[in-house]
Each structure stands twice: as C-alpha cells, then as structure tokens.
Colleague: 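Starting off with a structure, shown below.
Remember, predicted model here, so these are calculated numbers, not experimental data.
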Amino acid sequence: ELTREEVGKRLAALINEIAKIPLEQITETATVDEELQMQSVAFVELQVAIEEEYNIQIDPIQVVELNEFGAIVDYVHRCILNG
C-alpha cells in the first residue's frame, strides 16, 4: 500500500526527469501552469509515465483542472487506492 508521501516523491521525481524542473520548485502548492511551467508535451509524457508506473488510468482534463501539485498527488493517490 503506497502512502501519499511516497506517491508525491515519485511524482516529483517524474516531473524532474521529464520536464527538468528542479525538485525544490516542486512544492505542494506549485501550479503546473505557473511555477512549474510544464509544456503540454511534457504534461502528456508525465501522464503516460504515471499510468505506466501505477497501472492506472488518469483523466488528463481532471489533472489539468487540479493544476496544483498537491491536488494532483491526492488525485493520483486516490486512483491508485481505487485501482
């Protein structure tokens, strides 16, 4: 059973790897469009990486609407638990 903290650390690592965003910028309140400034291509890569990593389907529109890193972690964690 993965904890929310473990999911958050892994998502931060994936964002760092895919979008080359320094880990210290990836905070709970960082927004995808502002602080993280992820391009749509990187965002799609992140979605695919999350789905492959956890063997889940996530709704890309939902993720974009959540926008905040902490909210995205909560959403992915819920998807894993309900998997």
Side-chain angles (χ1 to χ4, degrees):
E1 190 78 5
L2 282 167
T3 66
R4 183 195 182 279
E5 188 183 358
E6 289 168 328
V7 172
K9 282 184 177 167
R10 185 64 188 131
L11 290 188
L14 286 170
I15 291 171
N16 173 258
E17 197 178 299
I18 292 166
K20 307 291 183 250
I21 294 164
L23 287 172
E24 59 273 9
Q25 276 182 247
I26 308 169
T27 63
E28 282 291 308
T29 56
T31 55
V32 171
D33 57 357
E34 293 292 319
E35 286 92 341
L36 302 181
Q37 296 190 338
M38 285 183 70
Q39 303 301 316
S40 53
V41 173
F43 204 77
V44 171
E45 282 181 50
L46 178 64
Q47 179 199 341
V48 171
I50 292 168
E51 290 181 342
E52 287 176 357
E53 176 103 6
Y54 297 113
N55 196 27
I56 57 170
Q57 289 290 307
I58 55 175
D59 180 349
I61 304 231
Q62 174 89 39
V63 172
V64 169
E65 285 172 356
L66 290 170
N67 196 28
E68 223 175 60
F69 180 73
I72 294 169
V73 172
D74 288 337
Y75 172 70
V76 171
H77 188 236
R78 262 195 322 276
C79 288
I80 293 166
L81 294 179
N82 300 332

Colleague: In terms of hydrophobic clusters joined by side-chain contacts under 4.5 Å, are L81 and V63 together?
Modeller: no
Colleague: Check whether I56 and V48 end up in the same hydrophobic cluster, where Ile, Leu, Val, Met, Phe, Trp and Tyr are linked by side-chain heavy atoms less than 4.5 Å apart.
Modeller: no
Colleague: Out of curiosity, E34 CD to T29 OG1, how far, rounded to the nearest 0.5 Å?
Modeller: 12.5 Å
Colleague: May I ask you to test the I72-V32 pair for a side-chain heavy-atom distance under 4.5 Å?
Modeller: yes
Colleague: Return yes if some donor-acceptor pair links the side-chain N/O of H77 with the main-chain N/O of L2 below 3.5 Å, else return no.
Modeller: yes
Colleague: Which heavy atom of P60 sits nearest to which heavy atom of Q47, and what is that distance?
Modeller: CB-OE1, 3.3 Å
Colleague: Assess whether salt bridge (Lys or Arg N to Asp or Glu O under 4.0 Å) is satisfied between K20 and E45, documenting all intermediate values.
Modeller: CA-CA 12 Å; K20 307 291 183 250; E45 282 181 50; over 6 Å; no
Colleague: Atom CD1 of I18 and atom CD of Q39: how far apart are they, to the nearest 0.5 Å?
Modeller: 13.5 Å
Colleague: Is the side chain of Y75 donor-acceptor paired with the backbone N or O of D59 at a distance under 3.5 Å, no angle test?
Modeller: yes
Colleague: Could you tell me whether the side chain of L36 reaches within less than 4.5 Å of the side chain of I26, counting heavy atoms only?
Modeller: yes
Colleague: Applying side-chain contact (heavy atoms from CB on, under 4.5 Å), run through E28 and E68 and close with a yes or a no.
Modeller: CA-CA 7 Å; E28 282 291 308; E68 223 175 60; over 6 Å; no
Colleague: Any side-chain to backbone donor/acceptor pair from N67 onto D33? Under 3.5 Å, distance only.
Modeller: yes
Colleague: Does I21 belong to the same Ile/Leu/Val/Met/Phe/Trp/Tyr cluster as V44, with side-chain heavy atoms less than 4.5 Å apart forming each link?
Modeller: no
Colleague: Contact between L46 and M38 at the side-chain level, heavy atoms closer than 4.5 Å - yes or no?
Modeller: yes
Colleague: Just how far is it from atom CD1 of I50 to atom CD1 of I15, taken to the nearest 0.5 Å?
Modeller: 7.0 Å
Colleague: Run the salt-bridge test on E5 and K9 with the 4.0 Å N-O cut-off and return the result as yes or no.
Modeller: yes
Colleague: Out of curiosity, does L23 fall in the hydrophobic cluster containing L14 (side-chain heavy atoms, cut-off under 4.5 Å, transitive links)?
Modeller: yes
Colleague: Step by step, would you call R10 with Y54 a side-chain contact (heavy atoms from CB on, under 4.5 Å)?
Modeller: CA-CA 11 Å; R10 185 64 188 131; Y54 297 113; 3.2 Å; yes
Colleague: Distance from I58 atom CD1 to E51 atom CD, nearest 0.5 Å?
Modeller: 5.0 Å
